[in-house]
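First the structure, in the form of structure tokens, and then the observations on it.
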Amino acid sequence: MRVRSLPLPERFVDHFADRGIRELYPPQVAAVEAGVCDGANVVAAVPTASGKTFIAQSALLTADGPGLYVCPLRALAREKYEAFAALPGVDVAISTGDFEATGEELAGHDVVVATSEKVDSAIRNGAEWVDDLACVVVDEVHLLGAERRGPTLEVTLATLRRRNPSIQIVALSATVDNPEEIADWLDATLVESEWRPVDLRTGVCVDGEVAFDDDTTRHVEAGDSDAESGADGRDAAEDGPDATDLAAALVVDAVAEGGQCLAFVRSRTEAAALAERLAGEGLADRMGIGSAATTVADDVADIDETVTGRDLADCLRAGVAFHHAGLRAGHRAAVEAAFRDRAVACICATPTLAAGVNVPARRVVVRDQKRYTGSSMEWLPTLEVHQMCGRAGRPGLDPYGEAILVGEASTREELVDRYVEGDPEAVESKLADPASLRTHVLSAVASGFAETEAEILDVLDGTFYARETGAGGLADAVAVAVDDLVDAGMVRRRGDVETYRLVATPVGETTSRQYVRPETGARIVAGLRTAAGMANATTLTVFEVICDTPDMQDTYLGNRERAEMYRFARSKAAQLTTGMSEPDDFEGWLESVKTARVLDEWIGGATVEELVEAYRLGPGDLDSRVERAEWLLSAAEALADTVGVSVPAVTRARSRI
DNA sequence: GACTTGTTGCTTTAGACAGCATGTC
DNA sequence: CTAAAGCAACAAGTC
């Protein structure tokens, strides 16, 4: 099937032709046959890089009205925004938390690209443009199964469909075990395909021998990093190369043939450690990318003066990089761009890269397949490993992609069963989680969609969860959520016991509008009241309050810091809203104090370099705390306003941050 | 006695979405 | 519920 045969205006056909897209890939043909261009609902469960963006574009460009593209990540939103902006004569807008696009400005565009939370928030705040939509594309729908964000996605979709029953839904999913259930939920035709534009071989490497699933094999020579001693040979020779030696050898092997590599490891430290080790292998020279590598390294070195930045720049000079959430957005973007431009031979990464922006490589090496979860070491979900592996193979550039899991003789079989031949997990709704339910119940009441529990259930009736059990399955949980919200002062029952209506209190309304969770709203209100009664409420006081909410990301408190942090908390007790003996979860509270302290020093003029050094967090971690603090402070200000409490320190903190 | 190597025990462990209305000396 | 790597402090061994 040819692009030209689609019901697309000529200028789009030309645009795609300029990019060499004239013929459709098989999954795209299937999607067209299922009716993406005719307003039909379609769920496409297809591998990464098999042309999902084109499916989305065909749906949105042929829809009879404005369209919405829902993304899980801001970085992805930007990527898609650019893809649409490149189309001739298409008016695109982007709306994510970090992008200034305000309310009604979003009306009147052909396509809006937004994160799911942003759409949810827009609906709560009464945005009317969502009612005019003719088509919604949902990228990565399998995130329906994600702990906190999944419920947001399903409630948002249910609401959109409820308010506009004729809306076309096109959902794009990774390969999962139950795509038919998602399709059934959305009344959509399922398009399922394993087809990829570049072949993918998956293999397991044990002791330097790689056995691929197409029965080919490959041998790599692993240089033992710590076996320098050699001579009398009795002891060190025994255990051979470890996983890191093998991973390094696999990278060098691929680069020697001119192929770029991604190597996935378990932790940030290990990502940096592997990169530094590979920096000694002369990858830049082997790939002949010396000058490009130097340019990138210099650019990265200019971003800041942190150790992380310097280490990264040093690695880049040698043609290697590491990538994880401790890096600042600028660092990450530079690494990703450099890799796409072939200025970097290998990126050593944590799972950030698996689900992020498009960075295809010739070979993907998965060194670690287990992760510490807080109580034990657990196998990574198959879906996640598949997403890592799926990054192998650059369309049009590589003859094939290779994904290699590094294992040991004892785990070989398990790895093959689980990841090479195994199916990914099924997607399951997490809406029954009480915390999520509270949030969405409050939202339904506050935005006026529901005034009774029956109406709440009605709103939830269109969710993925309800498809499984019927909304009735949520009745008890909703009743509990309503009780909790009443107790928390977010919702009030108005009228007789028999015929009451649910109304959001002013606090509940502000909480929902500010997009913070009910627990956060309640904690902030309580904190503000305490602060208002204090003789010397400072910015530290305010930071302690907002850091002690579930919407602030917690900051790791190391063993060595604990005693000192305890002394700090005690010496500042007069400025804190929580007494030293009060918290049920003292550890958690002390972590909040640490975050508050960092933020307070930040507005006091401390530099990123100093804070990163003193508190053992990555520059990216600091940035993300500051970003959240901005958001939570504005919520605090709005809440102070609604309860009529005056805490000048809130405004002071906010203007300084 | 200075330096190297080996041992032991302790510490640490991925990621990332969201608001908003406006002024100031 | 099934951990494992890095690192610092200290001990033993070497020149």
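Per chain, numbering begins at 1; letters A, B, ... match sequence-line order. Any value given below was found using the heavy atoms of this structure, including those in side chains, with hydrogens, waters and symmetry copies removed.
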Can you confirm whether [X] is buried at [atom1], in the sense that more than 12 heavy atoms of other residues, nucleotides or ligands lie under 6.0 Å from that atom?
X	atom1	answer
Glu613(A)	CD	no
Gln553(A)	CD	yes
Glu147(A)	CD	no
Glu413(A)	CD	no

Residue [X], side-chain heavy atoms: nucleotide from [options] that is nearest:
X	options	value
Tyr515(A)	dA18(B), dC20(B), dA16(B)	dA18(B)
Ser121(A)	dT11(B), dA16(B), dA18(B)	dA18(B)
Asp551(A)	dA18(B), dC1(C), dA16(B)	dA18(B)
Arg560(A)	dA14(B), dA5(C), dT12(B)	dT12(B)

Practice task
On DNA chain C, check which nucleotide each of Ser376(A) and Asp368(A) is closest to and give me the residue with the more 5' one.
Solution key: Ser376(A)
Whole angstrom is fine here: how far is it from [atom1] in [X] over to [atom2] in [N]?
X	N	atom1	atom2	answer
Leu327(A)	dA16(B)	CG	P	11 Å
Glu276(A)	dC7(C)	CD	P	9 Å
Arg371(A)	dA14(B)	CZ	P	9 Å
Arg266(A)	dG15(B)	CZ	P	14 Å
Glu591(A)	dT13(B)	CD	C1'	13 Å
Arg628(A)	dA16(B)	CZ	C1'	6 Å
Asp641(A)	dT22(B)	CG	P	11 Å
Glu587(A)	dT12(B)	CD	P	12 Å

NA contact type, [X], heavy-atom cut-off 4.0 Å: base, sugar-phosphate, or nothing?
X	answer
Gly558(A)	sugar-phosphate
Thr350(A)	sugar-phosphate
Leu632(A)	nothing
Asn125(A)	sugar-phosphate
Ser375(A)	base
Ala635(A)	nothing
Arg367(A)	nothing

Under 4.0 Å: is that the gap between some side-chain N or O of [X] and OP1 or OP2 of [N]?
X	N	value
Arg654(A)	dC20(B)	no
Lys118(A)	dG19(B)	yes
Tyr556(A)	dT12(B)	yes
Ser267(A)	dA5(C)	no

With a 4.0 Å cut-off on N to O distance, would you call [X] and [Y] a salt bridge?
X	Y	result
Glu519(A)	Arg438(A)	yes
Asp245(A)	Arg277(A)	yes
Lys370(A)	Glu378(A)	no

Exercise for the section: Hey, which sits more toward the 5' end of DNA chain B by its nearest nucleotide, Arg616(A) or Arg332(A)? Expected result: Arg616(A)
Completion exercise
Between Ser116(A) and Gly326(A), whichever has its closest DNA chain B nucleotide further toward 5' is Gly326(A)
Problem - Watson-Crick or G-U counterpart of dG23(B), or none if no pair lies under 3.5 Å - result: none
Handout entry: Separation of the P atoms in dC7(C) and dA14(B), to the nearest angstrom
Key = 14 Å
Problem - Phe586(A) and Tyr566(A) aromatic ring geometry - parallel, tilted or perpendicular at 30°/60° bounds - result: tilted
Practice task
Indicate whether the side chain of Thr595(A) and that of Arg625(A) have a donor and an acceptor atom separated by less than 3.5 Å.
Solution key: no
Practice task
Answer yes or no: side-chain N or O of Gln553(A) and base N or O of dA16(B) forming a donor-acceptor pair under 3.5 Å.
Solution key: yes
Handout entry: Arg597(A) NZ/CZ over Phe568(A) ring centroid, <6.0 Å and within 45° of normal
Key = yes
Handout entry: Intra- and interstrand pairs of DNA chain C - dot-bracket, Watson-Crick/G-U under 3.5 Å, | marks other strand
Key = ..|||||||||||||
Handout entry: Stacking of Tyr372(A) on dA3(C) base (centres under 5.5 Å, planes under 30°)
Key = yes
Handout entry: dG19(B) pyrimidine/purine six-ring stacking with Trp631(A), under 5.5 Å and 30°
Key = no
